[in-house]
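Counting starts at 1 for both ligands and their atoms, in listed order.
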Amino acid sequence: MFIDEVRIRVKAGDGGNGCLAFRREKYVPRGGPSGGDGGRGGDVVFVASEHHNTLLHFRFNPEHEAERGRHGEGSNRSGREGASKDVPVPVGTIVYDDETGDLLHDFTQAGERFAIAKGGRGGRGNQHFATPTHQAPTEHEPGKPGEEKRLRLELKLLADVGLVGFPNAGKSTLISRISAARPKIADYPFTTLQPNLGVVSAGDETFVVADIPGLIEGAHLGHGLGVQFLRHIERTRLLVHLVDVSEATGRDPVDDFRIVMEELESFSPSLIQKPMFLVASKVDVAQDTARIESLWALAAEEHLPFFEISSVTGQGLEELKYDMAQVLAKKEIEAATSPDRSN
Ligand SMILES: Nc1nc2c(ncn2[C@@H]2O[C@H](COP(=O)(O)OP(=O)(O)OP(=O)(O)O)[C@@H](O)[C@H]2O)c(=O)[nH]1
Ligand SMILES: [Mg+2]
């Protein structure tokens with residue numbers, strides 16, 4: 001479930017052909033063989049990159065080829081080598097041969113390079129085939145083809161952003177609107193039993209969001225689904241805290257916020273130290289705007305950026321996505337200022 005997977009094709013460059021040629025010079029009768037060698041084809045090289053955290057870029061670009069070597073020429077000129085092609089893969093990517101299932105490489109460190117498909121050797125020109133008894137050779141070799149492979153890439157995803165909140169707050173609905181994840185959504189608490197991950201792209205950033213089960217008061221004592229699943233968001237860089245502001249909850253939004261914060265803290269104080277967005281969810285069905293304003297004032301007090309969203313109408317989703325990307329790119333986001341009640 002926590003795995004991103006793509007199938008791609010790579011093709012290294014073919015080697016250039018060796019050349020068949022003889023020296024032709026004025027006053028030099030019967031010049032010897034002078035066919036140069038073909039150049040080597042370029043490799044396809046995977047490079048582990050810290051700037052990529054998903055395999056999404058391969059979905060748009062599933063074929064990667066390196067340049068072929070040039071053919072040899074007369075006057076013993078060798079063909080130029082084909083340029084290799086560097087292809088970035090996220091650290092943590094495991095590469096399998098899709099035909100045999102063999103593990104080819106496991107990228108564990110940023111900057112690690114591995115030639116996944118090797119370029120073909122250039123063919124030898126006829127200059128190499130001369131012997132004392134065979135002085136006008138016409139033999140010359142074709143270049144060898146570059147390796148071609150079908151690969152399966154696998155990446156274990158780590159979430160960048162965690163969605164937290166009460167059961168039924170709209171966490172799964174939100175992830176289904178901003179990513180391709182299709183978790184179960186239902187109008188009762190504890191619909192989500194296992195974390196769901198979704199890959200989100202916004203602006204130039206691609207990141208992974210985790211939708212986890214809801215928290216209730218006493219979760220750290222085992223109430224509801226407990227708190228063990230919070231370990232899935234321990235390594236995230238941003239928490240998005242959803243509070244249902246509709247009247248249907250029968251609870252006060254500010255109380256909901258504080259209860260969830262206490263549960264997070266009791267699991268690990270580091271969780272509440274993380275950057276956090278406070279999100280008023282289901283604003284399309286919040287009749288009493290005072291409920292939204294009280295949450296907004298709380299965001300101002302806690303210096304948290306504040307958003308109002310509806311995953312049903314789509315209100316506020318673009319801005320939320322964009323600002324998540326900004327925080328992950330380490331840009332500053334403005335915290336809420338107190339709601340202006342004068343108008
Ligand atoms: N009107 C309205 N309903 C929403 C909105 N977002 C979610 N819902 C509804 O709220 C209910 C709960 O949504 P979920 O996304 O399953 O909530 P959750 O936070 O994932 O809940 P758990 O998995 O139980 O923790 C569903 O019936 C959704 O259709 C919204 O923006 N507006
Ligand atoms: Mg859910």
Could you check atom 1 (N) of ligand 1 against the protein and tell me its nearest heavy-atom contact, residue, atom and distance included?
-> Asp284 OD2, 2.9 Å
For ligand 1, is there an N or O atom under 3.5 Å from any N or O atom of Lys184?
-> no
Shortest non-hydrogen contact between Ile185 and Ser176, atoms and distance = CD1-OG, 3.7 Å
Under 4.0 Å between heavy atoms, the region of Ile185 that gets near ligand 1 turns out to be both
For Ala186, the ligand 1 atoms with a heavy-atom partner under 4.0 Å come out as 11 (C), 12 (C), 16 (O), 26 (C), 27 (O)
Counting heavy atoms only, which of Lys171, Arg177, Lys282 is nearest atom 5 (C) of ligand 1?
-> Lys282
Looking only at heavy atoms, what is the nearest atom pair of Thr192 and Ser172, with distance?
-> OG1-OG, 2.8 Å
Please determine if the Mg ion (ligand 2) has an N/O/S atom from Thr192 lying under 2.8 Å away.
-> yes
Using distance alone, decide if ligand 1 has a nitrogen or oxygen within less than 3.5 Å of any nitrogen or oxygen in Val285.
-> no
Would you say Asp160's side chain and Thr236's backbone share a donor-acceptor pair under 3.5 angstrom?
-> no
What's the shortest distance from atom 12 (C) of ligand 1 to any protein heavy atom, and which residue and atom give it?
-> Asn168 OD1, 3.0 Å
Would you say Met276 and Ile259 are hydrophobically clustered, going by side-chain heavy atoms of ILVMFWY under 4.5 Å?
-> yes
Carboxylate-amine/guanidinium proximity below 4.0 Å for Lys85 and Glu65 = no
Charged N-O contact under 4.0 Å between Arg113 and Asp86 | yes
Donor-acceptor pair, side chain of Lys171 and main chain of Phe166, under 3.5 angstrom | yes
Might you work through the side chain to side chain donor-acceptor pair (under 3.5 Å) test for Asp37 and Ser78, ending with a clear yes or no?
-> CA-CA 5 Å; Asp37 303 339; Ser78 298; 4.6 Å; no
Consider every N or O of Pro213 and every N or O of ligand 1, then say whether any pair is closer than 3.5 Å.
-> no
Taking only non-hydrogen atoms of Val312 and a 4.0 Å limit, the atoms of ligand 1 in range are 1 (N), 2 (C), 3 (N), 4 (C), 5 (C), 30 (C), 31 (O), 32 (N)
Can Leu278 and Glu302 be said to form a side chain to side chain contact (heavy atoms under 4.5 Å, CB included), step by step?
-> CA-CA 10 Å; Leu278 180 47; Glu302 303 275 339; over 6 Å; no
At a 4.0 Å threshold, what atoms of ligand 1 neighbour a non-hydrogen atom of Phe190?
-> 24 (O)
The closest protein heavy-atom partner of atom 17 (O) of ligand 1 is Gly170 N, 3.2 Å
Could you list the atoms of ligand 1 found under 4.0 angstrom from a heavy atom of Tyr188?
-> 24 (O)
Looking only at distances, please establish whether an N/O atom of ligand 1 is found under 3.5 Å from an N/O atom of Ser311.
-> yes
Looking at Glu318 and Lys321, does any basic side-chain N land under 4.0 Å from a carboxylate oxygen?
-> yes
When you measure from atom 14 (P) of ligand 1 to each heavy atom in Thr173, Leu163, Ile212, which option holds the nearest one?
-> Thr173
Have Thr54 and Thr206 got a donor and an acceptor in their side chains that come within less than 3.5 Å?
-> no
Atoms of ligand 1 less than 4.0 Å from Ser310 heavy atoms?
-> 31 (O)
Could you tell me whether Pro167 and ligand 1 have an N or O pair separated by under 3.5 Å?
-> no
Judged by non-hydrogen atoms, does Pro189 sit under 4.0 Å from ligand 1?
-> yes
Is any N, O or S atom of Asn168 under 2.8 Å away from the Mg ion (ligand 2)?
-> no
Correct closest heavy-atom pair for Leu264 and Leu215 would be CD2-CD1, 3.9 Å
Aromatic contact, Phe129 with His134 (centres under 6.0 Å) | no
Where is the nearest protein heavy atom to atom 23 (O) of ligand 1: which residue, which atom, and how far?
-> Thr192 OG1, 2.7 Å
Which ligand 1 atoms are under 4.0 Å away from a heavy-atom of Gly214?
-> 25 (O)
Closer than 4.0 angstrom: is that true for some heavy atom of Ser281 and an atom of ligand 1?
-> no
